[in-house]
Number of protein chains: 2
Amino acid sequence: MSVSFAGLDDRRANRRVTIKDVADALGLTKSTVSRAMNGYPDISEATQLRVKRMAEKMSYHPLSHAQAIKTGRTRSLGLVLQLSDHDAQRPFLAEFLAGLSAGASSEGWTLTVAASDSHDDMIRTFQALLRDGKADGFILPRAMIEDPRVALLRDANVPFVLFGRQNDTAGCAWFDVLGEEAMRDAVMHLASLGHRRIGFINGGMKYAYASLREAGFIQGMQDAGLAIDPNLIGQNAVTQADGARVATKILTQQKPPTAIVCAVDFAALGVYRAASECGLRIGHDLSVVAYDGIPEGAHAQPPLTTFSVDNRAAGIRLSTLLIRRIRGEDLATLRETVSAQFVDRGSTGPVPTMN
Amino acid sequence: MSVSFAGLDDRRANRRVTIKDVADALGLTKSTVSRAMNGYPDISEATQLRVKRMAEKMSYHPLSHAQAIKTGRTRSLGLVLQLSDHDAQRPFLAEFLAGLSAGASSEGWTLTVAASDSHDDMIRTFQALLRDGKADGFILPRAMIEDPRVALLRDANVPFVLFGRQNDTAGCAWFDVLGEEAMRDAVMHLASLGHRRIGFINGGMKYAYASLREAGFIQGMQDAGLAIDPNLIGQNAVTQADGARVATKILTQQKPPTAIVCAVDFAALGVYRAASECGLRIGHDLSVVAYDGIPEGAHAQPPLTTFSVDNRAAGIRLSTLLIRRIRGEDLATLRETVSAQFVDRGSTGPVPTMN
DNA sequence: CTGATTTCCGAAACCGGTTTCGGCAAGTGT
DNA sequence: ACACTTGCCGAAACCGGTTTCGGAAATCAG
């Protein structure tokens with residue numbers, strides 16, 4: 001074993017810099033440094049500044065798990081993906097994660113992701129994450145009408161934020177895009193083109209968004225002074241195949257619609273297929289407006305007119321809201337909604353003339 | 001303030017059970033419990049069993065961040081997504097994450113995910129994650145020929161595992177699907193159908209997979225005794241648009257091919273479009289074999305013949321390998337490859353007869 | 001039966017932070 | 001000039017684990 005002189009610095013030089021190092025460099029104690037770093041009021045401004053400068057200079061970064069042992073918080077956001085969910089969410093995943101990560105890391109937080117393949121597995125996953133203190137709060141994508149995640153976390157008194165809105169708002173913070181507004185605007189747009197028989201193909205009815213978008217569609221029909229034909233309304237279409245099936249049913253009615261509003265882009269692509277099989281040209285014989293803004297829509301023939309959602313921005317907002325929620329901010333200030341962006345492409349046109 | 005009798009248990013009953021609780025319940029010290037839980041050799045088997053039983057009974061789970069303070073390890077795997085990457089990776093993301101999560105959680109580990117939007121941002125992200133001890137090792141999807149992530153982590157002496165293989169194998173563990181084998185088999189399959197002029201559309205050349213698949217294509221052509229025409233080879237096609245562009249170029253040659261092998265499914269969908277514009281029917285006038293197994297391929301007209309990759313399984317293997325790597329297992333045992341699965345659908349057919 | 005090893009476990013230090021408590025010095029009121 | 005605050009910081013306990021060290025009891029060799 002090598003004998004070092006006075007043991008001044010025999011440990012390897014590149015070991016991590018701790019709070020003790022900062023304290024020593026300033027002739028303070030680590031308690032003072034800790035309080036200065038965390039902005040406690042019983043530290044003079046001068047000292048606080050000195051400490052923060054030195055911390056910066058020495059590039060001191062407290063270990064979140066060392067803090068967690070006392071504070072119980074890891075500075076980590078939890079996200080549990082549900083794969084049983086329809087594929088329609090997958091194209092958004094990368095953007096969404098990018099947003100969450102960006103929002104989190106801008107505040108020095110990280111993202112802990114887990115996947116579950118069944119309802120029970122999902123519950124277990126949440127519980128394991130909580131038990132191990134792996135997340136200080138959760139982002140819940142795709143709010144459901146009856147959401148077991150909300151029940152679980154509310155009971156456990158764990159902060160969370162919804163992507164989507166819920167009826168039972170107690171304890172819920174959220175971010176959402178106003179799908180109902182988009183659906184209403186879609187109808188108004190079609191009505192302004194002369195359409196009077198307008199169909200509606202909704203998404204998964206267990207999700208909160210479906211009720212909202214349906215309400216928006218109905219509202220739009222009323223505002224436009226149009227009658228709603230129940231035969232022109234379909235549900236639970238979240239894939240292209242779903243959309244094609246439902247659309248075929250609607251288009252083969254006695255009095256088919258001249259336009260269809262879809263709650264989900266993928267369903268609209270199914271409408272394209274169904275229309276083609278019925279010999280209808282999209283944008284001429286049949287107008288379509290949808291919602292989501294998937295890339296495939298832009299490349300479809302004709303390009304799909306839709307209401308686009310910025311999932312990256314949503315991720316950023318959600319992580320920011322959750323962090324504020326964890327920090328104890330008031331719920332009322334943690335509820336945000338934005339409008340979807342109308343992207344007018346080629347799948348709509350004036351109502352076809354009878355012949 | 002309420003005065004409690006003897007202070008026996010005045011704290012709320014549902015506080016987390018700690019190692020001390022287990023120790024007390026057994027009349028042991030926490031050091032003994034710790035060593036028993038971690039399988040140290042200086043604990044009698046009888047005691048170890050007693051401890052583990054009691055831990056189970058009391059549902060004691062050590063806090064990973066409390067352990068980390070001493071061990072430096074959080075039981076967490078890191079994944080840094082690169083969004084500058086082409087979209088072709090996105091459809092796989094959900095499956096891949098599910099696999100990673102499954103593999104990790106089966107060993108009691110978790111997944112920390114971050115996203116980066118530029119090369120510099122990526123480097124910073126890795127460094128921040130390391131500095132904060134947020135990950136004990138990393139999964140590196142899409143191995144690149146010159147991979148800055150490998151350089152970084154190798155220098156920092158941080159465990160990692162590649163999805164893909166690298167030329168510079170020093171310090172690299174990996175899991176990969178044998179793309180070169182698939183490309184060779186694709187050629188052989190087409191040759192057995194009588195095709196002699198076979199084109200090849202490769203993917204992103206900065207990725208390791210592209211060289212391998214190209215080598216596989218060449219090998220296949222040689223094995224089949226076919227000549228390679230450089231005019232029938234294209235590169236860097238990872239999206240449908242790329243594929244269409246490259247395919248158009250190839251199909252408008254003097255002597256166009258009767259079949260095309262694509263390194264990437266998305267490119268193949270572009271070939272569909274280009275072929276349709278050239279008046280060629282896929283599966284009749286032009287055969288196509290691709291690679292990846294994206295869902296869109298199954299729904300294309302005709303359904304795309306391809307080599308399918310199980311990204312969920314890949315995720316499971318990768319997380320398992322990384323955990324073993326972190327535990328110090330020998331590199332030589334941490335290199336796995338599997339074959340892609342041939343899915344023979346409708347995009348191939350016998351070579352068209354001249355007319 | 002004795003001395004030397006092992007075997008097994010407890011005591012205590014430690015990891016890197018946070019937080020409680022208390023005390024010194026300066027400021028305030030009279 | 002004196003008691004009383006107030007502002008600011010150090011000392012030490014604490015969080016929930018891991019690890020070093022040492023010692024008692026059990027085992028072994030002779």
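What you see is a predicted model; the values in this text were computed from it and never measured. Proteins come first, then strands; the chains are lettered A, B, ... in the order of their sequence lines, and each starts at number 1.
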Original post:
More 5' along DNA chain C: I43(B) or A66(B), using each one's nearest nucleotide?
Top reply: I43(B)
In whole Å, I'd like the distance from the [atom1] atom of [X] to the [atom2] atom of [N].
X: Q48(B); N: dC9(C); atom1: CD; atom2: P; result: 10 Å
X: R131(A); N: dG16(D); atom1: CZ; atom2: P; result: 16 Å
X: R16(B); N: dG17(D); atom1: CZ; atom2: C1'; result: 12 Å
X: L49(B); N: dC8(C); atom1: CG; atom2: P; result: 14 Å
X: D132(B); N: dG16(C); atom1: CG; atom2: C1'; result: 14 Å
X: H65(A); N: dT18(C); atom1: NE2; atom2: C1'; result: 15 Å
X: D42(B); N: dC9(C); atom1: CG; atom2: P; result: 8 Å
X: L63(B); N: dC15(C); atom1: CG; atom2: C1'; result: 15 Å

Subject >> Contact residues, residues 21-40 of chain A to DNA chain D [heavy atom, < 4.0 Å] >> reply: G27(A), L28(A), T29(A), S31(A), T32(A), R35(A)
**OP:** Hey, which sits more toward the 5' end of DNA chain D by its nearest nucleotide, K70(B) or E45(A)?
**Re:** E45(A)
Would you call [X]-[Y] a salt bridge at under 4.0 Å N-O?
X: R15(A); Y: D21(A); value: yes
X: D310(A); Y: R312(A); value: no
X: R154(A); Y: D168(A); value: yes
X: R324(A); Y: E107(A); value: no

Original post:
Where the side chain of T47(A) is defined as all heavy atoms beyond and including C-beta, which of dT18(C), dG17(D), dC8(D) is the nearest nucleotide?
Top reply: dC8(D)
**OP:** Look at the side chain of I69(B) and decide which nucleotide, out of dC9(C), dC15(C), dG17(D), has an atom nearest to it.
**Re:** dC15(C)
**OP:** Using the six-membered ring of W174(B), assess whether NZ or CZ of R165(B) lies under 6.0 Å from its centre and within 45 degrees of the ring axis.
**Re:** no
**OP:** Count the heavy atoms of every other residue, nucleotide or ligand shown that sit under 6.0 Å from CG of N157(B), and state whether that count exceeds 12.
**Re:** no
Original post:
Applying the side chain to side chain donor-acceptor pair (under 3.5 Å) test to K134(B), which of T112(A), T74(A), T110(A) qualifies?
Top reply: T110(A)
Subject >> Distance test, side-chain N/O of S44(A) to OP1/OP2 of dC9(D), below 4.0 Å >> reply: yes
**OP:** May I ask you to verify if any side-chain N or O of Y60(A) is less than 4.0 angstrom from the OP1 or OP2 atom of dG16(C)?
**Re:** no
